[in-house]
Amino acid sequence: MLDIRFIRSRPDIVRADLKKRGDTEKLEWVDDLLKKDVRARELKIETDALRQRRNTIAREINTARKAGQDVTVLLAEAADLPGKIRDNETEQEMIADAIRAYQMRLPNILHESVPVGKDDTENVEIKREGRVRTFDFELQNHGQLAVERGWADFERATKISGAGFYFLKSSLVLLDLALQRFAIDLLAQKGYTPVIPPYMINRSSYEGVTDLGDFEKVMYKIDGDDVYLIATSEHPIGAMYKGEIFETKDLPLRLAGISPCFRREIGAHGLDTKGLFRVHQFTKVEQFVFCRPEDSWEIHEELLANAEEMYRKLEIPYRVVNICTGDIGTVAAKKYDIEAWMPRENTYKEVVSCSNCTSYQAVRLNIKVRDKSNFESKQHVHTLNSTAVATSRVMRAILENFQNKEGLVEIPKILRPYMNDQEYL
RNA sequence: GCUGAGGUAGUCUAGCGGUAGGGCGCAGGCCUGGAAAGCCUGUGGUGCGAAAGUGCCUCGGGGGUUCAAUUCCCCCCCUCAGCGCCA
């Protein structure tokens, strides 16, 4: 969320950003929020004065009693104070809740390079990489191919868990693990520390890292407990340092999260109905960085470069798009997607999402950095996250891009050391 | 799940109705040719103030009693130890 002090001092920036997003209904929120903020501070001054009087009088009563003096006048005054204080506190709480509710719903301030657009059709392509293969035969649907070869079982998974689930078997299990290990090794070599997080986290931690709407749309709640299944390791890793202060020397902190990801929302159907593209559960290796505010834009490019390197090495053609205002959501200040070439559909489809969340998550989570040379000054850190590999989607890309006429699937060379040096699945 | 002990500022620890004290760490200052040691100050959140300052809040969380709660009462959460169950 946005720091109240930032909103207070630069409401012009907040308003301009909402206009850029076309989110004009929230302009009124800013006005109302600023009004409530003024009232909140008036109330604080009043209430603090009442509390000061209460504290003083309590001490006076104590001193007078010890001196054996009469305290009835003091007690009479003191008796009125708690009620007055309580009335003020009630109003203060109401206003604080209202301000917080606005803050939780106001989106992050966008980077100037974010293109204006109404929805995902207006995202801006930045580049294309890789050689797109041509096929002189009809490609098989990756899901059907996987079932025929005994690499996946969707029907039995549907029987026991519902649509959107799958059993992975034999070669695809090894491929899944190979992709994870490839990604971890590549990131570890670049200074990222691998992390396996808890797969369930509680609501208050979750509110720090995600959009409120996600609780209804995306997350699975565990019945009877205050915990949710994680939708990505970004969430537990972001919340990991909640309420903490980093030393400058400890930043940037580069982490590589490895976890299953659970998502209720699986969206559109069509070609993807049966298969590995839109599923309720998949495994993902994720890059996550905590850094000083001045470093985040450079690191955002680093995360994208790392992700691109993976797809180049996997020999999967891709393009990079700059996500527009209508598609970016509330948390990120700028977001790139990498879309892998899916030859059967003749189109690029999302496999990586790479975001600079600037201080938006850090403000909610209260994560700061302290500079040793200026001990008193603390700033909120910036957080960034980017997919390295979401194994289900990359497996689909491999099953399609590396298929041959005989229905065999070649294993990308970079993965073969992780696959007992096999050439084909 | 049961029993017991705990939760005090970055960390350790005292206080157990009347302004939360000390050790360590860290930051700054004095001292020094430089350092160490020693000594002094500071250390979380927030309000007012140009600043110097000054006030309020903070003893796991929430209620209650009281002029006044870290302290007394009630509910909840978490940690540790032992026992039980368990891959």
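Everything quoted here is computed from the prediction, not taken from an experiment. Only heavy atoms go into these numbers, but all of them, side chains included; no hydrogens, no water, no symmetry mates. Here is the naming used below: chain letters follow the sequence lines, and residue numbers restart at 1 for every chain.
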Novice: Rounded to the Å, how far apart are A/I85 CD1 and B/A69 P?
Specialist: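 Nearest whole value for this atom pair: 10 Å.
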
Novice: Could you check which nucleotide pairs with B/C2 in any of the strands shown, counting Watson-Crick or G-U wobble with both distances under 3.5 Å?
Specialist: B/G82

Novice: Can you check the distance between B/U8 and B/G15, where both ends of the measurement are the C1' atom (answer in whole Å)?
Specialist: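 Going atom to atom, C1' in each nucleotide, I get 10 Å.
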
Novice: Tell me which nucleotide, if any, is Watson-Crick or G-U wobble paired with B/C24 when both distances must be under 3.5 Å.
Specialist: B/G10

Novice: Could you check which nucleotide pairs with B/C48 in any of the strands shown, counting Watson-Crick or G-U wobble with both distances under 3.5 Å?
Specialist: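 Looking at the geometry, B/C48 pairs with B/G53.
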
Novice: Which protein N or O atoms sit under 3.5 Å from an N or O of nucleotides 51-58 of chain B?
Specialist:
unit_1, atom_1, unit_2, atom_2, d
B/G55, N2, A/K44, NZ, 3.4
B/G55, N2, A/D48, OD2, 2.9
B/C56, OP1, A/N55, ND2, 3.4
B/C56, O2', A/D48, OD1, 2.7
B/C56, O2', A/R51, NE, 3.2
B/C57, OP1, A/R54, NH2, 3.0
B/C57, OP2, A/N55, ND2, 3.4

Novice: Quick check on RNA chain B: between A/A58 and A/R41, whose nearest nucleotide comes earlier from the 5' end?
Specialist: A/A58

Novice: Any side-chain donor-acceptor pair under 3.5 Å between A/T391 and A/K284?
Specialist: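 Checked: A/T391/A/K284 side chains show no N/O donor-acceptor pair below 3.5 Å.
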
Novice: With both distances under 3.5 angstrom, what nucleotide forms a Watson-Crick or G-U wobble pair with B/U32?
Specialist: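 Its partner: none found.
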
Novice: On the nucleotide B/C67, are OP1 or OP2 found under 4.0 Å from the side-chain N or O atoms that A/K84 carries?
Specialist: no

Novice: Give me the distance, rounded to whole Å, that separates B/C59 from B/G64 when you measure between the P atoms they each carry.
Specialist: 16 Å

Novice: When rounded to the nearest Å, what value does the distance between P atoms of B/A9 and B/G60 take?
Specialist: 8 Å

Novice: Specify the separation, in whole Å, of atom CD of A/E244 and atom P of B/G10.
Specialist: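 Atom CD in A/E244 sits about 11 Å away from atom P in B/G10.
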
Novice: Whole angstrom is fine here: how far is it from CD1 in A/I95 over to P in B/G47?
Specialist: 15 Å

Novice: Do the ring planes of A/W29 and A/Y102 sit parallel (below 30°), tilted (30 to 60°) or perpendicular (above 60°)?
Specialist: tilted

Novice: Whether A/R41 and A/D37 form a salt bridge (side-chain N of Lys/Arg under 4.0 Å from carboxylate O of Asp/Glu) is what I want to check.
Specialist: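 Yes, this pair counts.
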
Novice: Work out how far the P atom of B/A14 is from that of B/G23, and round it to whole angstrom.
Specialist: 15 Å

Novice: Now, which nucleotide makes the Watson-Crick or G-U wobble pair with B/A37, with each of the two distances under 3.5 Å?
Specialist: none

Novice: Does any nucleotide pair with B/C16 by Watson-Crick or G-U wobble geometry, both distances under 3.5 Å, and what is it?
Specialist: none

Novice: Could you tell me the separation between the CD1 atom of A/I57 and the C1' atom of B/G18, rounded to a whole number of Å?
Specialist: 14 Å

Novice: Indicate every side-chain donor-acceptor pair of residues 289-297 of chain A with a distance under 3.5 Å to a residue at least two apart or in another chain.
Specialist:
unit_1, atom_1, unit_2, atom_2, d
A/R292, NE, A/D295, OD2, 3.4
A/R292, NH1, A/E294, OE2, 3.4
A/S296, OG, A/N356, ND2, 3.0
A/S296, OG, A/H382, ND1, 2.8

Novice: Hey, which sits more toward the 5' end of RNA chain B by its nearest nucleotide, A/L75 or A/N62?
Specialist: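 By nearest-heavy-atom nucleotide position, the 5'-most residue is A/N62.
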
Novice: Please determine if a side-chain N or O atom of A/R8 lies less than 4.0 Å away from the OP1 or OP2 oxygen of B/G47.
Specialist: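 So the side-chain polar atoms of A/R8 do come within 4.0 Å of the phosphate oxygens OP1 or OP2 of B/G47, strictly under.
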
Novice: Using atom C1' in both nucleotides, what's the gap between B/G28 and B/U66 to the nearest angstrom?
Specialist: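 Their C1' atoms lie roughly 43 Å apart.
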
Novice: When the C1' atoms of B/C31 and B/G44 are compared, how many Å lie between them, rounded to an integer?
Specialist: 31 Å

Novice: Suppose we screen for side-chain hydrogen bond (donor to acceptor under 3.5 Å, both in side chains). Which residues come up paired with A/R156, at least two apart in sequence or across chains?
Specialist: A/D153

Novice: Just one of A/S259, A/C261, A/P198 clears the side-chain contact (heavy atoms from CB on, under 4.5 Å) bar with A/S233, so which one?
Specialist: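 Answer after filtering A/S259, A/C261, A/P198: A/S259.
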
Novice: Using the C1' atom as the reference point in each nucleotide, state the distance between B/U54 and B/C75 in Å, no decimals.
Specialist: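 Going atom to atom, C1' in each nucleotide, I get 38 Å.
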
Novice: Side chains of A/E308 and A/Y336: donor-acceptor distance under 3.5 Å anywhere?
Specialist: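 On atom types as modelled, these side chains do not qualify, holding no pair under 3.5 Å.
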
Novice: With a 3.5 angstrom cut-off on both distances, give the Watson-Crick or G-U wobble partner of B/U66, or none if there isn't one.
Specialist: none

Novice: Measure from CG on A/L43 to P on B/C48 and round the result to the nearest Å.
Specialist: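 Result: 13 Å.
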
Novice: Remember a base hit wins even if backbone is also touched, and classify A/I45 as base, sugar-phosphate or nothing at under 4.0 Å, heavy atoms.
Specialist: sugar-phosphate

Novice: Mind calculating the distance between CD (A/Q92) and P (B/G47) to the nearest angstrom?
Specialist: 12 Å

Novice: Give the rounded distance in Å between these two atoms: CD1 of A/I61 and C1' of B/G17.
Specialist: 14 Å

Novice: Aromatic rings A/F246 and A/Y241: how do their planes relate, parallel, tilted or perpendicular, breaks at 30° and 60°?
Specialist: tilted

Novice: Using the P atom in both, what is the distance from B/U11 to B/G61, to the nearest Å?
Specialist: 14 Å

Novice: Under 6.0 Å from the ring centre and within 45 degrees of the ring axis: does the NZ or CZ of A/R393 meet both conditions for the six-membered ring of A/F277?
Specialist: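 Yes - A/R393 lies over the ring of A/F277, closer than 6.0 Å to its centre and within 45° of its axis.
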
Novice: Using whole Å, what does the distance between atom C1' of nucleotide B/G61 and atom CG of A/N202 come to?
Specialist: 13 Å

Novice: Among B/C67, B/C48, B/G64, which is the nearest nucleotide to the side chain of A/A78?
Specialist: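 The answer is B/C67, which lies nearest to the side chain.
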
Novice: Establish, with yes or no, whether the OP1 or OP2 oxygen of B/G64 is under 4.0 angstrom from a side-chain nitrogen or oxygen of A/R86.
Specialist: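 Checking A/R86 against B/G64: at least one side-chain N or O falls below 4.0 Å of OP1 or OP2.
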
